[in-house]
Amino acid sequence: MWQKASGKVLFDLVCSHMNLIEGDYFGLEFQNHQKMMVWLDHIKPIIKQLRRPKHTILRFAVKFFPPDHAQLLEELTRYLFALQIKQDLSCGRLTCNDSSAALMVSHIIQSEIGDFEESQCRSHLLNNNYIPDQMPLIDKIMEFHSKNIGHTPAESDFQLLEVARCLEMYGIRLHPAKDREGTVLSLAVAHTGVLVFQGHTKINAFNWSKVRKLSFKRKRFLIKLRPDLNSSYQDTLEFLMASRDCCKVFWKICVEYHAFFRLFEEPKPKPKPVLFTRGSSFRFSGRTQKQVIDYVRESDFKKIPFERKHSRVQHNSRLSPLPSPRHQEVPREVSSCVSCIDSRSSGQCLCNWTKKPANSLKRISFSACLFLSEGCSRSQRRLPSSATLERVSVGECRRPIRITDNKGVVSNSPHLSASSGHSHGMVNGQKSLELCSHSPNGRQPSPLTSPLLNDAGSVRTDDEDEVRRKRFPTDRAYFIAKELLTTERTYLKDLEVITSFQSAVGHDEATPDSLKNAILSTFEPLHKFHTGFLREVEQRLALWEGRSNAHIKGDYQRIGDVMLKNLQGLKPLTVNLHKQSEILLELEKACRASHKLEGLCRDFELQKVCYIPLNVFILRPLHRLIHYKQILERLCKHYLATHVDFRDCRAALADVSEVVEQLQGNLIKMENFQKLLELKKDLIGVDNLVVPGREFIRLGCLSKLSGKGLQQRMFFLFSDVILYTSRGMTATNQFKVHGQLPLHGMTIRVSEDEWGVPHAFTLVGQHQSVVVAASSLTEMEKWMEDLKMAIEMAKTSNGPSYDLLTSNETDSNKCPEDSLVEAESEDDMTPSHTSLEKPALHRGNTMVHVCWHRNTSVSMVDFSIAVENQLSGNLLRKFKNSNGWQKLWVVFTNFSLFFYKSHQDDYPLASLPLLGYSVTIPSESENIHKDYVFKLHFKSHIYYFRTESEYSFERYGSGISPSCPSGLFDFLFYTYLGHLYMCPCTFGAF
């Protein structure tokens, strides 16, 4: 019976009507009998929440605002968020400075009227108000609009959300309150926790990790905090609100925000008490954000397109591959919508259709809508000609919502069965109502492909793969050239990081002029040159693939001439490549002289765009030359001497080899210097780590035997000394140095039988001995081999003999066991939990931390090999328990895979450090019936990755396997390729 239908039934029908998959971010709000705006409870029956349903307007609005709109995987979801931002701007709820407001309005009108035309833009702004007091900002809005030329509506929505999410009032709904002193304040809730505002200024924030309990007692809203010795706050904070109902409304939204953003799954209901009830039984109902993201990424559903009707902007060809003829056949009044305006506002309601162009259409008085001041031009959606919708008011919910076709056939079920010829779509986790399932000409509409997602988050089908496989070349040389293209895109992005760094610190007086000029004069010409080089490579690959001119044949199926021309053009810039070492030294010197500059560099390194250490970006131009050399070597090896491209490739190889040979010695020194600088940031208690003559050899985890047993320690091996450390209890998660052992005069002996510990060996120094154990026999052999080499180096060299440790940390003359008792404790072994609750001041994902958590080691030789095996490109990823393959842009560098939606993104969405992972080929029992798939496995974490060709599979196999301690991979890899040759089968390309 509809009288007993819960709020979730109604909400799901609304999402179904809009074909909305990520509906969990939204809700239905209405004004209750106390004139307060509240959200429709999904658990309670509708009839118990709406006192006067005939006169109640439910507004479909954004309820949960995520911190990053990139987490919204559907374009329709981002479109609805953009509508919400537009409404918040219009009503003055989203306050910001004039520049931000003008910028956001420019993106809105770009989406509505298209590219900038001065007269059209000015006329549109005079006739439409997007922000309060818009008139003084019209010129600034037009200036910003002129810079948005070429942006599609989807891209404009994306940019609008990008600006909005950085504002302090983004997604904020203020609830009036007072503190104990009677000061007028406002409370709000966000994904991070509970916020306190005074006016529109945030004056305090209580992170979820600091909050122990939220409750209310009559008019008092209570926040109980976790004990914190460093905080001046009381354990319980009290705020006075207007009434008990105000407290309860705010408490409910806090509970929902906490559950949605912090929990992995929906909380289970508490068992009902037998006799007495205490407190509220309210709980969050619905999927959490993690469940929504996982569902959208892993579900094998077809994306259902939606239409935007603009005054000037029509469907972009990238958004709608199939045309939509007979566009005007559906009357405007028949179109359904996602937004309307309350009758009290200046606009008209788009949901309450007052005209009846079709006989089968009846008036809809149920208004579940997004409360936005926007006309029909943008938000209308089309109903198919084969079905019309009949809805009834909430007050008349005596029968289900009905779909009536032109033949008068009615379905009374809330979840309709499929009609013949209609396709199913998954909407918010349920079968969609059969709307928009056919285009007017009877053709099946193609799935919406967002230019921003670039297929990320969607599921590719074998049919799509087969079409693409037939369309693109399969020659090995083509895939080698494609590797050049993909890695060049990543390299150009890396150069942009340095130019961004120069802009960030260049205007600060703490930065020396010599450093500013060196960075600008070195990287600006390189960036300009490689921008042109990338453009030429993209054009050549387009011709090679036949995307530009299908009739062009083999004259453009080569890359050697492009590389030869540009490498010869790069020769005049060789002097810039010699300056990399000077910049690295100058930057280190300037940071030592100025704490302010050091802080600026540290803050920049914590930004998302700086996904690897900053110093590594500075050395990228030197690394890139090695990549050019390797690519040309592969081409020369592949081509016959008679091939048209062989001569150019060989000449280009000779040119780049000459430059690499000149820079090789300098590169080795700079990589060692960079590694010492990086390790210095990870260590506490070191004075002079970076000194001339010291070389880094290996770092990693070993278990150190002491009076307390085996304890995990991080060891750092250099050419003259070995340090042992533990992870400190600091917010920075740095490693505290406990001791040092000079290598001069050191000996090593295997001690497994002596101590009864597997893989144990003893480091016997001149003043003390240390017993350590490796995690495996392979690890023990690596350490012993490097230690023996380092000891031999110490014998023959007159290296540095500095005291590394500060005088107040550890006394090297102490008895080792006494040092252990004083310096080492169980507290040092405990991971820092406070670092998760406070803003980190240091990168916690460095290679040292990865080795610590994975209990493994890495050497300088490994780092050098990793530099040579950097890769970029598209991969298809599949999780262990998912069915579909997700296309991602992947960058492999620094022993990690970095995942992007597309190569155009500025920073990665996630990363996967590969140290400790094993790389193998999926077995038959895993049912991975695809070619060129490799498997990454660490404990319970399993990932499958699928490449587009044999060459790509070979490159990722040889590139990743040095990062993963699995000698089995090479055997399986070549066995797998042999199986492909013996049993040829079709494979899906990208």
Side-chain angles (χ1 to χ4, degrees), residues 580-593 598 613-616 618-619 622 664-702 713-725 734-748 763 765-768 770 772 782-807 809-810 812 846-848 851 857-867:
Q580 312 299 317
S581 57
E582 299 176 13
I583 294 175
L584 212 55
L585 292 167
E586 182 76 19
L587 180 60
E588 169 62 13
K589 180 181 176 181
C591 288
R592 286 202 310 266
E598 184 181 11
L614 176 62
N615 291 334
V616 177
I618 296 177
L619 297 180
L622 300 177
Q664 187 66 36
N666 190 40
L667 176 60
I668 293 173
K669 292 179 182 178
M670 285 302 101
E671 284 182 339
N672 181 71
F673 180 60
Q674 180 272 325
K675 192 55 59 182
L676 292 176
L677 292 177
E678 185 181 341
L679 295 178
K680 181 183 175 183
K681 299 175 184 178
D682 287 312
L683 296 175
I684 298 177
V686 175
D687 266 349
N688 296 316
L689 182 64
V690 184
V691 293
R694 176 168 292 130
E695 296 180 18
F696 164 71
I697 298 176
R698 179 175 288 275
L699 66 86
C701 270
L702 292 172
R713 292 290 178 258
M714 180 66 72
F715 281 73
F716 298 85
L717 176 61
F718 302 95
S719 57
D720 61 327
V721 69
I722 184 170
L723 309 179
Y724 56 92
T725 69
Q734 292 170 283
F735 287 83
K736 180 180 178 182
V737 176
H738 288 297
Q740 60 175 324
L741 294 173
L743 297 184
H744 187 73
M746 178 183 285
T747 59
I748 309 173
L763 307 178
Q766 291 181 341
H767 301 290
Q768 68 182 77
V770 175
V772 295
K782 289 178 180 179
W783 274 105
M784 293 189 68
E785 181 181 353
D786 285 346
L787 278 164
K788 289 176 182 177
M789 178 190 69
I791 292 171
E792 290 298 321
M793 291 172 60
K795 287 180 181 178
T796 57
S797 65
N798 296 322
S801 58
Y802 300 93
D803 290 331
L804 288 174
L805 305 183
T806 54
S807 57
E809 289 289 342
T810 303
S812 60
T846 64
M847 200 50 56
V848 180
C851 289
S857 68
V858 62
S859 69
M860 190 64 199
V861 175
D862 296 329
F863 280 105
S864 300
I865 295 174
V867 166

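In what follows, residues are counted from 1 in the order of the sequence shown.
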**Closest non-hydrogen atom pair between Ile722 and Met746, with its separation** = CG2-CE, 4.1 Å
**Asked** Should Leu723 and Leu683 count as side-chain neighbours, where that means a heavy-atom distance under 4.5 Å?
**Response** yes
**Request:** Output the distance between atom CG (Leu584) and atom CD1 (Ile618), rounded to the nearest 0.5 Å.
**Result:** 5.5 Å
**Message:** Contact between Leu667 and Val867 at the side-chain level, heavy atoms closer than 4.5 Å - yes or no?
**Reply:** no
**Complete:** Output for pair (Leu787 CG, Thr747 OG1), nearest 0.5 Å, gives 11.0 Å
**Asked** So, do Arg698 and Met789 sit near enough that their side-chain heavy atoms are less than 4.5 Å apart?
**Response** no
**Request:** Please tell me if the side chains of Gln674 and Pro613 come closer than 4.5 Å, counting only heavy atoms from C-beta onward.
**Result:** yes
**Request:** Begin from the C-alpha positions of Ile791 and Ile748 and carry the test side-chain contact (heavy atoms from CB on, under 4.5 Å) through to its verdict.
**Result:** CA-CA 10 Å; Ile791 292 171; Ile748 309 173; 3.9 Å; yes
**Prompt:** Just how far is it from atom CD of Glu588 to atom CD of Glu598, taken to the nearest 0.5 Å?
**Reply:** 8.0 Å
**Request:** State, yes or no, whether a side-chain contact exists between Leu587 and Asn615 at a heavy-atom distance under 4.5 Å.
**Result:** yes
**Message:** Tell me whether Gln734 contacts the main-chain N or O of Lys681 through its side chain, where contact means a donor paired with an acceptor under 3.5 Å.
**Reply:** yes
**Request:** Flag the pair Pro742 / Gln766 as yes when at least one side-chain heavy-atom distance between them is below 4.5 Å, and no otherwise.
**Result:** no
**Message:** Does the plane of the ring in Trp783 sit parallel, tilted or perpendicular to the ring in Phe715? Use 30° and 60° as the thresholds.
**Reply:** perpendicular
**Request:** Work out which heavy atom in Leu699 is nearest to a heavy atom in Met714; give both atom names and the distance.
**Result:** CD1-SD, 4.5 Å
**Item:** Shortest non-hydrogen separation from Tyr724 to Gln740 and the atoms involved
**Value:** CE2-N, 4.1 Å
**Message:** Please find the pair of heavy atoms, one from Cys701 and one from Cys851, that lie closest to each other, and give the distance.
**Reply:** SG-O, 3.6 Å
**Prompt:** Taking NZ, NE, NH1 and NH2 as the nitrogens, is one of them in Glu678 or Lys675 under 4.0 Å from a carboxylate oxygen of the other?
**Reply:** yes
**Message:** Give me the atom names and distance for the closest heavy-atom approach of Ser719 to Gly693.
**Reply:** OG-O, 3.6 Å
**Prompt:** Atom CZ in Phe735, atom CG in Asp682: separation rounded to 0.5 Å?
**Reply:** 7.0 Å
**Spatial distance of atom CD (Glu586) from atom SG (Cys591) [nearest 0.5 Å]** = 10.5 Å
**Spatial distance of atom CE (Met860) from atom CG (Leu676) [nearest 0.5 Å]** = 8.5 Å
**Residues in salt bridge (Lys or Arg N to Asp or Glu O under 4.0 Å) contact with Glu695, at least two apart in sequence or another chain** = none
**Prompt:** When Gln580 is tested against each of Leu622, Leu585, Asn666 for side chain to side chain contact (heavy atoms under 4.5 Å, CB included), which residue passes?
**Reply:** Leu622
**Request:** Could you tell me whether Lys795 and Glu792 have a side-chain N and a carboxylate O separated by less than 4.0 Å?
**Result:** yes
**Asked** Hey, does the side chain of Arg694 reach the backbone of Asp720 with a donor-acceptor pair shorter than 3.5 angstrom?
**Response** no
**Prompt:** Of all heavy-atom pairs between Leu743 and Phe718, which one has the smallest distance, and what is that distance?
**Reply:** CD1-O, 3.2 Å
**Message:** So Ile668 and Asn672, do their side chains get closer than 4.5 Å, heavy atoms only?
**Reply:** no
